[in-house]
Amino acid sequence: MIDIFGVPLVALTGQIMLGIVNGAFYAVLSLGLAIIFGIVKVVNFAHGAFFMMGAFISFLLLSHLNIGFWGAIFIAPLIVGALGIVVERVLLRRIYGLDPIYGLLLTFGMVLVIEGGFRVAYGSSGQIYTAPDALRGAVNLGFMFMPIYRLFVIGAAVVICAVTWIVIERTSLGARLRAATERPQLTQAFGINVPLLMTLTYGAGVALAALAGVLAAPIQNVSPSMGSELVVIVFAIVVIGGLGSVSGAAITGLMLGVIEGLTKVFYSEASTIIVFLIMAVVLMVRPAGLFGREEG
Amino acid sequence: MPRSLAYSLGAAGLLALILVPFFPQVIYPVFVMRVMCLALFACAFNILLGQTGILSFGHAAFFGSSAYFCGYMLKEQGLSPEIAILTGVVSASLLGAGIGALATRRSGIYLAMITLALSQLVYFLFLRLPWTHAEDGMQQIPRGVFFGVLDLNSDKTLYFFVLILTLLALALIHRIIHSPFGEVLRAIREHEPRAKSLGFPVARYKILAFTLSAGLAGLAGSLKAIIFQVASLRDVHWSMSGDVILMTLLGGMNSVFGPALGAALISALYHYLDFLGGWVTIMVGTIFILCVLAFRKGIVGELQAALTTRRSDTASNDKKDSENATN
């Protein structure tokens with residue numbers, strides 16, 4: 001048995017891998033928050049609620065329509081993305097130009113409505129959702145046994161982050177998005193439909209959250225409050241990383257997942273608060289955040 | 001609002017509050033005490049939101065931790081309520097100074113997220129501390145005898161005790177807001193760089209505002225622990241922080257006591273519609289959305305605006321009349 005600082009290697013690697021899985025979720029969620037904030041200038045408190053809807057929709061698809069995981073992974077983000085587009089057009093659009101605080105408060109109200117709605121309809125207790133057959137079981141990585149599904153989540157998160165990065169940094173759509181982030185009025189003057197870009201960005205951002213929700217359904221309890229617990233941690237991550245940079249948000253998310261996993265090994269009592277403690281330290285040392293550019 | 005109207009409304013409200021414990025069949029006195037606690041909480045919160053322009057999304061941390069510490073002193077240490085309340089207020093003020101010092105390193109939207117995250121940290125601490133009994137909360141906190149004279153176990157004594165403390169605290173908030181210190185807070189709200197250029201140590205003012213707001217929110221929390229004899233995780237949860245924001249927004253954040261009205265309305269909603277279960281949360285969320293979209297001045301703010309437009313209308317008419325007269 002190999003020990004590191006008195007901790008068996010197997011336990012250590014196991015928690016690190018779990019941390020990477022959690023970090024993958026943090027990364028995808030803070031990525032979506034950063035994209036939405038960049039263009040729509042709204043800190044989307046409802047991000048966790050849309051994450052929860054993604055998980056719930058996959059559960060409902062399976063139990064009512066017998067559509068499995070592979071269907072849900074496409075259908076749930078589409079439904080939630082469409083809902084996001086409606087929300088942007090009907091609600092968010094009315095508060096552009098006001099203090100961004102109102103965006104936070106508006107989306108907080110949406111959290112109460114969405115979570116309350118699911119609680120009325122399905123109760124507060126969690127539902128179980130099983131992973132598809134193809135992804136069950138575990139593989140021997142040499143140093144530990146890893147459930148295939150968790151490997152799949154890590155891979156999926158990497159693909160999601162990479163595709164998002166390519167779309168934003170390497171396509172003409174991304175160039176327009178970046179232009180609209182920097183100088184919305186000038187971009188509009190060049191004949192680019194910025195309001196449409198904002199609508200699509202919000203839709204795509206919440207669809208990403210829903211996709212994360214579908215991925216989380218088989219490994220978490222599907223319950224109405226699963227998103228809001230997560231969103232507070234993701235907010236702390238966003239403060240640590242700074243909302244200014246999309247890749248920064250993803251990297252910070254992954255990193256903090258791993259740190260959280262390591263904390264579970266060495267001092268498990270602190271694992272729920274370590275992210276907040278790191279945020280406090282970062283604020284003392286570097287208030288703008290690790291990847292932050294401007295003081296906001 | 002015209003001064004005479006404000007005074008007569010205040011006098012009527014005070015009279016009603018004094019009569020409440022004698023007519024328990026009309027309105028439940030414990031409910032009124034709850035409203036008073038939350039009204040104090042919301043008005044204290046508004047020192048930051050309305051006056052300084054700072055949105056704290058973690059005020060439940062101050063309210064709840066004070067409730068826990070007050071309960072700890074009464075139940076685990078067997079101390080008297082005056083020491084317990086003092087402990088609650090001091091601990092909330094210290095926590096406010098600490099969280100304020102960290103959070104005010106950023107501003108606006110980031111500050112809101114930081115306070116939310118730090119209050120979640122406080123939440124997890126109270127979840128884990130051995131004497132808080134985790135999900136069960138601290139129950140059956142003894143009320144004790146205030147300064148060895150006032151037996152708070154008597155319902156009427158408790159009611160007037162809470163009423164007087166709340167009124168004193170509200171008067172203090174009024175004093176703070178109308179002091180030179182309050183003027184500086186509003187200067188920071190309106191134009192922070194200019195306040196800084198005039199030589200005011202803006203960071204220190206913000207932290208002091210945080211400390212005062214947290215301490216007064218803590219007083220509300222301690223009173224809550226004594227009234228209901230319970231301190232629970234609900235008191236430190238972010239949903240409580242959300243409630244106090246809504247109360248302030250609904251009542252009107254640009255007025256001193258508007259948040260108290262919001263607190264009364266939201267507590268009434270929770271109290272009288274409790275049978276609706278989860279639907280209440282949906283309603284609260286809907287009110288939140290409507291307030292942000294269409295009702296940002298709040299009830300008192302809208303009333304004030306309506307009154308001033310009417311008065312300025314009559315004023316301009318008078319002016320026209322006098323002009324006509326000279327012509």
So which part of B:Leu249 gets closer than 4.5 Å to some heavy atom of chain A, the side chain, the backbone, both or neither?
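Side chain of B:Leu249 only, per the 4.5 Å heavy-atom cut-off to chain A.
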Quick check for you: among A:Gly109, A:Gly116, A:Pro100, which has the greatest number of heavy-atom pairs under 4.5 Å with chain B?
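Heavy-atom pair counts peak at A:Gly109.
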Which of B:Ser119, B:Gly278, B:Ala103, B:Ala117 touches chain A most, by non-hydrogen pairs under 4.5 Å
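Top option by heavy-atom pairs under 4.5 Å: B:Ala117.
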Between CG on residue B:Leu55 and CG on residue A:Asp99, distance to nearest 0.5 Å:
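Here the rounded value is 9.0 Å.
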Give a yes or no on whether the backbone of A:Leu283 and the side-chain of B:Arg105 come within a donor-acceptor separation of less than 3.5 Å.
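Answer holds: yes.
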Evaluate whether atom CH2 of B:Trp131 has more than 12 neighbouring non-hydrogen atoms of other residues, nucleotides or ligands under 6.0 angstrom away.
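Enclosed: over 12 neighbouring heavy atoms sit under 6.0 Å from CH2 of B:Trp131.
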Anything under 30° is parallel, anything over 60° is perpendicular, the rest tilted; go ahead and classify B:Trp238 against A:Phe108.
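Perpendicular.
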Decide if atom NZ of B:Lys297 counts as having more than 12 heavy atoms of other residues, nucleotides or ligands within a radius under 6.0 Å.
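No - once you tally the heavy atoms of other residues, nucleotides and ligands closer than 6.0 Å, there are 12 at most.
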Answer yes or no: are there more than 12 heavy-atom neighbours, outside B:Arg234 itself, under 6.0 Å from its atom CZ?
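It does: B:Arg234 CZ has more than 12 such atoms within range.
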Rounded to the nearest 0.5 Å, what separates atom CD1 in A:Ile273 from atom OH in B:Tyr123?
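Reported to 0.5 Å precision, the distance equals 14.0 Å.
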For A:Leu112 versus B:Gly285, what's the shortest heavy-atom pair and its separation?
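Here A:Leu112 and B:Gly285 meet closest at CB-CA, 3.7 Å.
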Rounded to the nearest 0.5 Å, what separates atom CG in B:Leu116 from atom CZ in A:Phe276?
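It is 7.5 Å, given to the nearest 0.5 Å.
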Is it the backbone or the side chain of A:Leu98 that comes under 4.5 Å from a heavy atom of chain B, or both, or neither?
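A:Leu98 touches chain B through side-chain heavy atoms alone.
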Checking side-chain contact (heavy atoms from CB on, under 4.5 Å) for the pair A:Ile101/B:Phe57: CA distance, chi angles, key distance, verdict?
CA-CA 11 Å; A:Ile101 289 294; B:Phe57 220 116; over 6 Å; no
Quick one: what part of B:Ile289 sits under 4.5 Å from any heavy atom of chain A, side chain, backbone, both or neither?
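Both backbone and side chain of B:Ile289 come within 4.5 Å of chain A.
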Which one, A:Thr272, A:Leu277, A:Val239, leads in non-hydrogen pairs under 4.5 Å with chain B?
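Looking at each of A:Thr272, A:Leu277, A:Val239 in turn, A:Thr272 comes out on top.
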When you look at CZ of A:Arg93, are more than 12 heavy atoms from neighbouring residues, nucleotides or ligands closer to it than 6.0 Å?
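More than 12 within 6.0 Å, yes.
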Working to the nearest 0.5 angstrom, can you tell me the gap between A:Phe118 CZ and B:Thr281 OG1?
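So the gap between those two atoms works out to 14.5 Å.
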For chain A, the option from B:Val284, B:Ile282, B:Val280, B:Leu125 that forms the most heavy-atom pairs under 4.5 Å
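Among the listed options, the one with the most contacts to chain A is B:Ile282.
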To the nearest 0.5 Å, what is the distance between CD1 (A:Ile95) and CZ (B:Arg296)?
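Taking CD1 in A:Ile95 and CZ in B:Arg296, the distance rounds to 8.0 Å.
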Using heavy-atom distances under 4.5 Å, tell me whether A:Leu106 contacts chain B through its side chain, its backbone, both, or neither.
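Answer is both: backbone and side chain atoms of A:Leu106 are under 4.5 Å from chain B.
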When rounded to the nearest 0.5 angstrom, what distance separates CE in A:Met279 from CG in B:Leu118?
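Rounded to the nearest 0.5 Å, the CE-CG separation comes to 4.0 Å.
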